[in-house]
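Following: one structure in structure tokens, then a few remarks.
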There are 4 protein chains.
Amino acid sequence: MTTRSAAVLESPPVGTSMRALVKESAAPGAAIREVPIPAPGPGEVLVRVEAASMCGTDVHIERWNEWAQENFGPPPMIFGHEMAGRIVDRGPGATRIPVGTLVAAETHIVDWTCYQCRTNRSYVCQNLRILGVHRPGSFAQYVAIPEVNAWPSEGLAPEIAALQEPLGNAVFASLVEDVAGQTAVVTGCGPIGLMSIAVLKKAGARAVYATDINPERRAMAERMGADLVLDAADDVPGTLRELTHGDGVDVVVEMSGSSAALHQGFAAVTNGGRVSLLGTHSVPATIDLSQEVIFKGIRIYGITGRRLFDTWYRASALLQEGLDLTPIITHRLPLSEYGKAFDLVASGHAGKIVLLPQEEQR
Amino acid sequence: MTTRSAAVLESPPVGTSMRALVKESAAPGAAIREVPIPAPGPGEVLVRVEAASMCGTDVHIERWNEWAQENFGPPPMIFGHEMAGRIVDRGPGATRIPVGTLVAAETHIVDWTCYQCRTNRSYVCQNLRILGVHRPGSFAQYVAIPEVNAWPSEGLAPEIAALQEPLGNAVFASLVEDVAGQTAVVTGCGPIGLMSIAVLKKAGARAVYATDINPERRAMAERMGADLVLDAADDVPGTLRELTHGDGVDVVVEMSGSSAALHQGFAAVTNGGRVSLLGTHSVPATIDLSQEVIFKGIRIYGITGRRLFDTWYRASALLQEGLDLTPIITHRLPLSEYGKAFDLVASGHAGKIVLLPQEEQR
Amino acid sequence: MTTRSAAVLESPPVGTSMRALVKESAAPGAAIREVPIPAPGPGEVLVRVEAASMCGTDVHIERWNEWAQENFGPPPMIFGHEMAGRIVDRGPGATRIPVGTLVAAETHIVDWTCYQCRTNRSYVCQNLRILGVHRPGSFAQYVAIPEVNAWPSEGLAPEIAALQEPLGNAVFASLVEDVAGQTAVVTGCGPIGLMSIAVLKKAGARAVYATDINPERRAMAERMGADLVLDAADDVPGTLRELTHGDGVDVVVEMSGSSAALHQGFAAVTNGGRVSLLGTHSVPATIDLSQEVIFKGIRIYGITGRRLFDTWYRASALLQEGLDLTPIITHRLPLSEYGKAFDLVASGHAGKIVLLPQEEQR
Amino acid sequence: MTTRSAAVLESPPVGTSMRALVKESAAPGAAIREVPIPAPGPGEVLVRVEAASMCGTDVHIERWNEWAQENFGPPPMIFGHEMAGRIVDRGPGATRIPVGTLVAAETHIVDWTCYQCRTNRSYVCQNLRILGVHRPGSFAQYVAIPEVNAWPSEGLAPEIAALQEPLGNAVFASLVEDVAGQTAVVTGCGPIGLMSIAVLKKAGARAVYATDINPERRAMAERMGADLVLDAADDVPGTLRELTHGDGVDVVVEMSGSSAALHQGFAAVTNGGRVSLLGTHSVPATIDLSQEVIFKGIRIYGITGRRLFDTWYRASALLQEGLDLTPIITHRLPLSEYGKAFDLVASGHAGKIVLLPQEEQR
């Protein structure tokens with residue numbers, strides 16, 4: 001591995017092969033395989049993965065749903081993208097972050113030259129490539145990422161460092177406008193919704209309400225600090241109107257991708273309020289634009305990714321302020337137990353699951 | 001009319017009855033009637049109407065569609081709201097604007113005390129009442145309005161002064177974010193869409209495109225200064241992508257209320273761009289939120305009314321800068337020819353129609 | 001007092017005279033006098049004052065400094081403006097807030113019709129009149145204020161309700177831009193500076209630093225939750241640069257009116273950061289605009305008053321969230337001990353002093 | 001010059017030496033010298049300079065004032081930074097912009113990794129290096145710049161393309177907030193002030209006023225479209241108040257660096273208005289912060305550089321819309337006549353001077 005000659009001296013010896021979770025073909029399933037350790041290309045760093053958390057997207061890829069068929073790969077390719085680990089090698093031109101540094105990954109690899117990138121909107125880069133979707137991912141012992149995408153995270157536990165990526169989603173969606181002193185509802189208490197609850201509280205929201213149909217998730221929402229958690233099957237708008245003296249909530253953060261939750265959000269939001277949409281919808285939504293949007297004079301933000309890197313600064317700061325993500329992590333499993341992990345996420349009985357690619361080596 | 005005793009000395013003599021267009025019952029139709037001249041209540045001014053332009057809402061009321069059945073009245077009541085005229089009398093406490101002043105009307109009568117009004121969002125007041133919808137309107141020789149809703153307009157022709165109300169809609173929708181140097185498309189070239197074209201050009205948009213299915217409206221859009229006008233039946237997104245070197249347009253101002261136009265707008269807008277929705281939809285729209293909104297990272301503004309009174313300052317200023325609305329006015333008719341006016345609007349063969357309530361007196 | 005006849009039935013009997021602190025002539029000093037209870041005019045409410053906190057402005061008036069000579073009165077007039085109490089009577093047209101309600105006062109009485117008021121900037125109304133400066137104030141057993149200026153505050157202790165007015169200054173200055181995840185320094189730990197510390201923390205600032213030359217105030221700053229309190233006589237910019245890894249702080253909230261603090265703030269703020277100026281300067285400041293402002297690309301906000309009423313909603317919400325102002329109140333005195341209060345404020349050995357106009361009656 | 005081997009085949013033959021204007025030592029003066037053509041380093045392009053316009057900074061460097069002594073060089077070094085020309089060669093990794101393309105230069109060379117660069121504030125990069133100040137500049141037949149700093153400008157005359165850099169200053173300062181429908185004054189009609197006049201008009205300002213003490217510049221301001229041009233020696237605030245019915249102007253764009261102009265701007269701006277400061281001050285300014293800033297509730301923006309690259313998109317768009325900079329160019333001179341150019345700028349009898357480095361070769 002001659003291209004890594006200079007840097008390798010600074011780092012622990014790296015072998016030539018590694019274990020990784022590979023999507024082998026255009027069909028459901030995945031498998032642990034022994035594959036070559038990637039060499040960091042120009043401007044890239046090689047990271048020894050300490051924690052790789054699982055995202056709904058990973059389940060889509062494993063189950064090979066329509067989205068995965070259209071976007072992933074092509075197989076065979078390693079997937080996974082939320083991760084943290086230590087830099088063990090650096091490609092040519094990657095000189096800024098020292099070998100040995102704990103880093104997390106901004107998983108959107110962007111071109112930095114399109115109209116969007118040059119106007120501070122890289123999260124919707126015209127040539128966006130996502131780690132673990134369009135290039136080999138982090139469900140592996142090692143992963144190569146652009147140095148510019150590596151976010152130094154010294155002082156954080158690797159599993160928390162890995163969660164900064166979805167935390168960034170929560171921060172972007174929740175704080176796209178200032179929330180200090182405002183009332184908010186988070187509809188959908190999956191991991192990113194749970195993070196939003198904590199983010200909104202930390203940023204001074206007056207009251208943060210949360211909804212879900214799943215009682216386990218509602219219990220987690222309470223642990224994350226929600227002022228009140230509602231069963232999404234109940235009259236959410238009515239209750240929220242009552243709690244806000246008839247005004248409605250200032251902010252809706254829609255994290256479920258559910259059409260029912262969306263309409264509850266529109267009904268609950270105050271006139272002239274704000275709705276952030278992050279939960280992705282697998283089927284089109286039917287919206288009464290006149291009554292739900294126009295006559296109410298609301299603003300809707302479609303949210304994807306994170307600001308590079310304003311959101312990372314904010315997310316890091318909130319962690320430093322004491323925002324605690326550990327209640328969201330329900331399972332920590334060695335990478336080899338990936339099957340159990342996918343089943344847990346699909347079952348809805350899990351918060352965040354962290355895979356540990358190095359564990360079998362111990 | 002003793003309540004007007006003090007003020008009447010300052011103004012030209014006003015008789016006791018006037019002609020007005022009255023919605024007489026909860027059914028289609030309307031009729032010119034001789035009715036008492038209203039007395040201005042506390043804080044109100046009485047205006048002698050010089051020009052009363054017609055809005056699509058007025059047609060809804062005349063035709064008595066579902067919206068009108070739910071919102072108007074109750075009948076019998078005068079309707080009409082876009083107007084300009086001279087103050088001829090003032091009720092108790094209305095002392096700011098001198099009798100004789102030409103004024104237009106902000107047609108949203110708000111409570112000034114609800115959460116929305118006290119946070120600079122009066123256009124979505126919780127107790128909103130609209131002139132000519134919830135209280136007697138301006139298709140009449142005289143109308144009483146709150147002094148706070150009267151916008152002094154000296155120097156403007158009355159018909160242009162009356163058009164400031166819908167111009168305010170266009171200004172609010174178009175300039176809710178800065179447009180200098182941006183590309184924009186206005187979908188729907190009814191009167192407010194036509195105004196938006198001119199507003200966007202005046203505010204420094206780099207290019208303003210417009211779409212409509214109606215060739216007469218497309219011709220008017222060209223006269224209003226659109227850089228290119230497209231037939232909405234053609235491949236609008238494809239053409240706009242090409243014109244913007246693949247980037248898409250920065251701004252979509254949706255004025256049609258058509259679902260087809262909405263989807264063209266979503267397809268044409270650049271990633272991270274902005275969509276303003278003003279055209280009201282009579283049926284729910286089916287939106288692929290993931291593809292059309294979330295993954296594109298766009299912002300959507302529901303627009304109704306006008307900012308009180310930021311928008312009025314802006315609209316007035318744009319008229320002073322030379323923004324020309326006269327090409328939009330296609331017909332000027334005495335109030336008595338209201339039937340012809342409603343038919344023209346319904347037929348789609350008209351731009352803006354101005355009714356002249358005083359004409360028969362001449 | 002015939003003008004109060006209708007309303008008086010709803011309220012506890014009110015006598016005809018009251019005790020008040022009066023600035024009697026254009027010279028230093030003030031005196032407790034028995035004066036007629038004011039009658040609430042049209043749109044006004046009469047408030048029985050439960051708590052009247054003291055502001056630096058009140059000391060200027062008592063001491064009769066240059067500012068007071070130019071702005072106050074004319075004498076004889078009651079002064080004082082920060083206050084809370086219960087509505088005991090209502091003038092004609094004041095029908096919204098029930099008699100008996102605990103209210104605080106927005107002390108800026110504005111015309112609602114000038115360019116500033118009509119564009120959501122009432123705090124700089126062209127015809128601004130301040131309670132206790134341009135019209136009779138609240139160092140009295142009763143005060144009449146416009147109903148629109150009365151902020152219902154049920155559930156708060158009167159002394160806390162009274163403090164909402166300066167809290168609004170702190171909120172406006174601190175949160176004029178979003179602070180979640182940002183570092184901030186408050187220069188000057190008088191009462192409003194102390195409030196800012198708590199506001200910034202509550203709104204999610206990552207770290208809030210504070211400076212003062214007065215050790216008593218520095219001790220209070222610590223009690224209000226500052227992450228670190230610095231002696232303003234030390235190398236503040238150097239320390240803040242070090243604490244922020246060389247970047248500088250994101251936000252400076254200048255509350256001292258001291259030129260030295262101002263320059264420390266400019267030196268400490270990060271490039272492209274934000275400075276809010278609220279502390280008033282009695283002498284002109286000498287600023288190297290090129291080095292301190294332009295080449296650093298910073299934004300400076302001159303802050304006065306509060307947004308009507310966005311800031312009040314925010315301030316109320318922060319109190320509901322648990323923001324605690326009680327550590328700021330160092331003294332509670334009957335109105336008759338006003339002399340002691342003025343001396344304490346002038347000496348710098350006090351935080352906030354609350355005068356209790358009803359106390360002698362007990 | 002082996003490092004340019006691959007690219008040189010695509011481009012016209014380039015010799016090995018060129019003429020350039022060199023600051024030879026730490027003393028006043030400069031000289032035309034024959035020097036080696038620079039080789040483009042990694043990520044750089046080599047540009048054959050077609051037009052190099054002169055900035056006040058260049059005069060500072062030639063005259064060797066205090067600022068130059070502290071910032072420039074070290075000598076000997078070529079200076080000059082505003083420029084346009086065609087790419088004739090590309091260093092390793094510079095593959096995006098084809099050889100032969102006309103480009104202008106963003107003259108701020110930034111590190112892209114500091115806090116400011118990673119939060120969309122590259123114009124105040126912590127490791128900012130300026131072309132022609134900290135590295136060899138463009139008063140030469142060829143200059144090497146980072147490809148990321150090259151702004152493709154096909155279709156523009158080279159002299160106009162070169163002016164995009166100062167135009168960007170004008171755009172950033174003028175449009176840092178939306179100006180459509182607002183009144184503005186530009187204080188100081190040097191080249192960037194003159195550009196601001198045109199920018200503000202194009203962006204829909206209702207009225208653009210301008211001031212200068214120099215009658216030649218005032219005449220140019222009229223040609224750029226100012227609605228009224230005032231002698232800065234007269235009562236500017238009084239006149240502007242009168243023109244705005246007592247309100248004052250919404251926007252002040254301070255381009256002079258003169259303390260007198262600054263105070264006129266503060267006096268003229270409406271309460272709650274906005275002041276942009278770009279003109280650099282050679283001596284500290286004495287400001288009555290209470291009266292001029294705080295009680296007026298204004299916002300002040302320190303402006304330097306341009307947003308990378310939002311401002312460039314905007315500036316390009318405004319040129320496409322027809323914004324005409326040619327009236328600002330008063331002289332076009334071969335590079336050899338640099339002495340005359342410096343004298344003209346210093347004398348105040350010039351607008352923009354464009355040097356033509358290739359001219360003697362014809």
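The structure displayed is predicted, hence computed values, not measured ones. Proteins come first, then strands; the chains are lettered A, B, ... in the order of their sequence lines, and each starts at number 1.
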Ring centers of Phe172(C), Trp312(C) separated by less than 6.0 Å
no
Heavy-atom distances under 4.5 Å only: say whether Ala205(C) touches chain A with side chain, backbone, both or neither.
backbone
Hey, are the side chains of Leu167(A) and Leu325(A) touching, using non-hydrogen atoms and a 4.5 Å cut-off?
yes
Any side-chain heavy-atom pair from Arg274(A) and Val269(A) closer than 4.5 angstrom?
no
Between Gln320(A), Arg206(A), Glu177(A), Lys201(A), which has the largest tally of heavy atom pairs under 4.5 Å with chain C?
Arg206(A)
Checking side chain to side chain donor-acceptor pair (under 3.5 Å) between Ser53(A) and each of Glu82(A), Glu165(A), Gln164(A), which is the one that passes?
Glu82(A)
Pick whichever of Lys202(C), Arg314(C), Glu321(C) has the most heavy-atom pairs under 4.5 Å with chain A.
Glu321(C)
